[in-house]
Amino acid sequence: MHFTSIFLAALLAIQLSECAWGQQLPPQSFQTHPTRTNVTNWSHRHFCTSVAAPSSDGLSKSCKDLLTTLHDRVSVLATLDEDLRRRLENIENKMNQFESSNLGRLDSLAVQQTDFLKRLDTLDFIERQNKRSIDELKGDLNHEKEEVALRTARQIDDRLPQMPTNEAKLESLATLLLSTRSAVNELNNHLEANISRLSNMVSRRLNSIRRQNNRQPTNFYAPSHSTEPLITSCAQDAPTANGILRLQLTPESEPFYVRCDEETLGGGWTIIQNRFNGKLNFYRGWLEYQAGFGNLGGEFFIGLDKLHALTASAVHELLILLQDFDGTNRYARYNLFAIGSEKEDYALNLLGEYEGDAGDSFSYHAGSKFSTFDNDNDGCVDCNCAQSRNGAWWYNWCDMSNLNGKYFSQNYNATPLYEGMYWNEFRGPTYSLKAVRMMIRPASSDGDLQRK
């Protein structure tokens with residue numbers, strides 16, 4: 001495009017000079033300068049053929065119209081050239097961001113791999129130590145058996161002279177041998193039990209650490225093979241310790257702790273996100289949002305793996321509580337809620353009907369995938385919503401709410417557009433809220449009726 005503009009500009013200059021020659025040179029110069037005459041005739045023949053009379057005014061008007069047309073075309077081409085250059089710059093910036101994000105993730109994976117190898121070395125060392133301890137225990141057992149046998153022999157030797165008859169001696173010896181055999185068997189069983197328990201404990205520990213380092217998703221909802229009742233939800237009226245409850249979705253899955261809300265709208269809610277003072281940074285990467293972070297006693301996010309397991313084990317509803325810095329409370333409730341698995345990037349697959357007084361600022365995100373600054377899954381082609389919004393969310397293009405955005409304790413009512421912890425229908429995108437709580441409950445629990 002630059003070469004086209006330069007070419008047209010040069011052609012425009014040539015035509016301008018030619019028209020000037022044809023208008024200013026007197027007839028005498030045509031005869032004395034045949035070369036210039038040829039140029040002028042060529043200019044008249046190719047650029048000014050539309051002139052009705054050979055007068056200088058007609059020639060000037062024709063050249064002026066032609067130059068105006070060429071000027072307009074050059075302007076259009078320059079505009080197109082500038083637009084294409086801006087688009088190329090946007091594409092280049094996007095590619096640079098993508099390359100930087102990938103390099104960061106590769107560095108993170110390299111660090112994790114190094115840590116994993118160190119842990120494996122530590123486990124191998126622990127395993128060798130355990131084997132050495134087991135061998136020492138076996139040696140102690142054999143030594144103890146020998147001592148028991150020697151002690152028994154001494155007791156027999158001590159008792160034999162005091163026996164009055166051979167029959168009494170034999171009977172006493174048989175009794176002593178039986179008691180000795182019983183003691184030896186008991187010691188042997190006790191040692192084998194200890195060895196088995198120690199081996200199982202080491203094996204469980206090794207498997208647990210390997211699962212964590214391989215970052216395999218926890219099987220929270222494997223098929224059940226037990227008839228024993230399990231605590232799978234805060235809605236089961238199970239006793240809690242300061243609102244903390246231990247859940248286990250199936251006998252085969254790993255248990256985990258959650259915080260329950262037993263007061264709002266009949267109780268039975270499992271809190272999945274809690275923010276109220278801004279002490280915890282929510283601008284985090286994909287792996288941290290996947291596993292969860294924070295403290296159940298303060299601010300926290302439950303983790304996408306656990307949230308998917310909970311919503312996949314039963315149909316849930318969602319309740320979002322909002323509070324501004326004036327103490328005004330609002331809520332948004334959706335009668336259905338579920339997210340996808342890691343393979344689906346934890347997409348917001350199910351979101352039911354809205355009710356409440358906060359306004360619906362979440363339905364816009366239905367069907368969107370979860371995005372963080374290092375894993376861009378939003379619907380925006382030329383941007384990274386998680387980076388521009390300083391958060392992590394089910395961004396579409398980009399958002400109508402951003403409850404994992406930046407917390408502003410000052411200037412909360414005049415924050416940068418869309419960057420705060422905001423809800424569009426309550427206080428708008430330039431107001432960062434004071435407190436947010438997201439909670440889920442099995443939709444079939446009918447908690448509002450059972451707990452009133």
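Everything numeric here is computed off the predicted structure, so don't read it as measured data.
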Can you tell me how far the [atom1] atom of [X] sits from the [atom2] atom of [Y], to the nearest 0.5 Å?
X: T68; Y: R73; atom1: OG1; atom2: CZ; answer: 12.0 Å
X: H316; Y: T311; atom1: NE2; atom2: OG1; answer: 7.0 Å
X: S388; Y: Y418; atom1: OG; atom2: OH; answer: 10.5 Å
X: N384; Y: S101; atom1: CG; atom2: OG; answer: 7.0 Å
X: Y364; Y: S361; atom1: OH; atom2: OG; answer: 12.0 Å
X: K434; Y: S409; atom1: NZ; atom2: OG; answer: 11.0 Å

Any ion pair linking [Y] and [X] (charged N to carboxylate O, less than 4.0 Å)?
X: R427; Y: D326; value: yes
X: D261; Y: R441; value: no
X: D83; Y: R86; value: yes

Taking the side chain as everything from C-beta on, heavy atoms only, tell me whether [X] gets closer than 4.5 Å to [Y].
X: L247; Y: V258; value: yes
X: T328; Y: Q323; value: no
X: F301; Y: I272; value: no
X: Y431; Y: D324; value: yes
X: N349; Y: E344; value: yes
X: F373; Y: Y283; value: yes
X: Y334; Y: S363; value: yes
X: N377; Y: N375; value: yes

Closest heavy-atom pair and its distance - [X], [Y]:
X: N335; Y: A443; value: O-CB, 4.1 Å
X: L245; Y: P239; value: CD1-O, 3.6 Å
X: D374; Y: R105; value: O-CD, 3.1 Å
X: I302; Y: I271; value: CD1-O, 4.3 Å
X: H365; Y: L348; value: O-CD2, 3.6 Å
X: L403; Y: Y422; value: CD2-O, 3.6 Å

Worksheet entry | Sulfur-sulfur distance C380/C398 under 2.5 Å |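 Answer is no, sulfur atoms not closer than 2.5 Å.
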Item to complete: Sort out for me which residue in N402, D378, D399 forms a side-chain hydrogen bond (donor to acceptor under 3.5 Å, both in side chains) with R389.
Response: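 Passing option: D399.
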Worksheet item: Relative to the ring of F362, is the ring of W394 parallel (under 30°), tilted (30 to 60°) or perpendicular (over 60°)?
Response: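 Answer is perpendicular, since the angle exceeds 60°.
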Item to complete: Evaluate the ring planes of Y346 and W286, with Trp represented by its six-membered ring, and classify them as parallel (under 30°), tilted (30 to 60°) or perpendicular (over 60°).
Response: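 The arrangement is tilted - the two ring planes meet at 30° to 60°.
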Spell out, as yes or no, whether a donor-acceptor pair under 3.5 Å connects the side chain of [X] to the backbone of [Y].
X: H308; Y: G340; value: yes
X: S233; Y: A235; value: yes
X: Q236; Y: L230; value: yes
X: N404; Y: A392; value: yes
X: T430; Y: L417; value: no
X: E99; Y: N102; value: no

Practice prompt. Under the side chain to side chain contact (heavy atoms under 4.5 Å, CB included) rule, what do L310 and F256 come out as? Steps first, then yes or no, please.
Written response: CA-CA 11 Å; L310 287 168; F256 58 95; 4.1 Å; yes
Worksheet item: Any salt bridge (charged side-chain N to carboxylate O under 4.0 Å, His left out) pairs touching residues 287-301, not counting sequence neighbours?
Response: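 Found R284-E288.
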Discussion item. Aromatic contact between Y289 and F370, with the criterion being ring centroids under 6.0 Å apart: yes or no?
Written reply: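 Y289 vs F370: aromatic centres under 6.0 Å.
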Item to complete: For salt bridge (charged side-chain N to carboxylate O under 4.0 Å, His left out), just list the numbers for D357 and R333, CA-CA rounded to whole Å, side-chain angles, deciding distance to a tenth of an Å, and then say yes or no.
Response: CA-CA 9 Å; D357 56 6; R333 185 176 182 180; over 6 Å; no
Practice prompt. Give the intermediate values and the outcome of side chain to side chain contact (heavy atoms under 4.5 Å, CB included) for residues E317 and F337.
Written response: CA-CA 5 Å; E317 59 178 322; F337 173 74; 5.9 Å; no
Worksheet item: Under the side chain to side chain contact (heavy atoms under 4.5 Å, CB included) criterion, do T250 and S253 qualify, and how do the steps go?
Response: CA-CA 5 Å; T250 69; S253 64; 3.3 Å; yes
Item to complete: Measure from NZ or CZ of R275 to the centre of the six-membered ring of F282 and say whether it is under 6.0 Å with the direction within 45° of the ring axis.
Response: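 That pair qualifies as a cation-pi contact.
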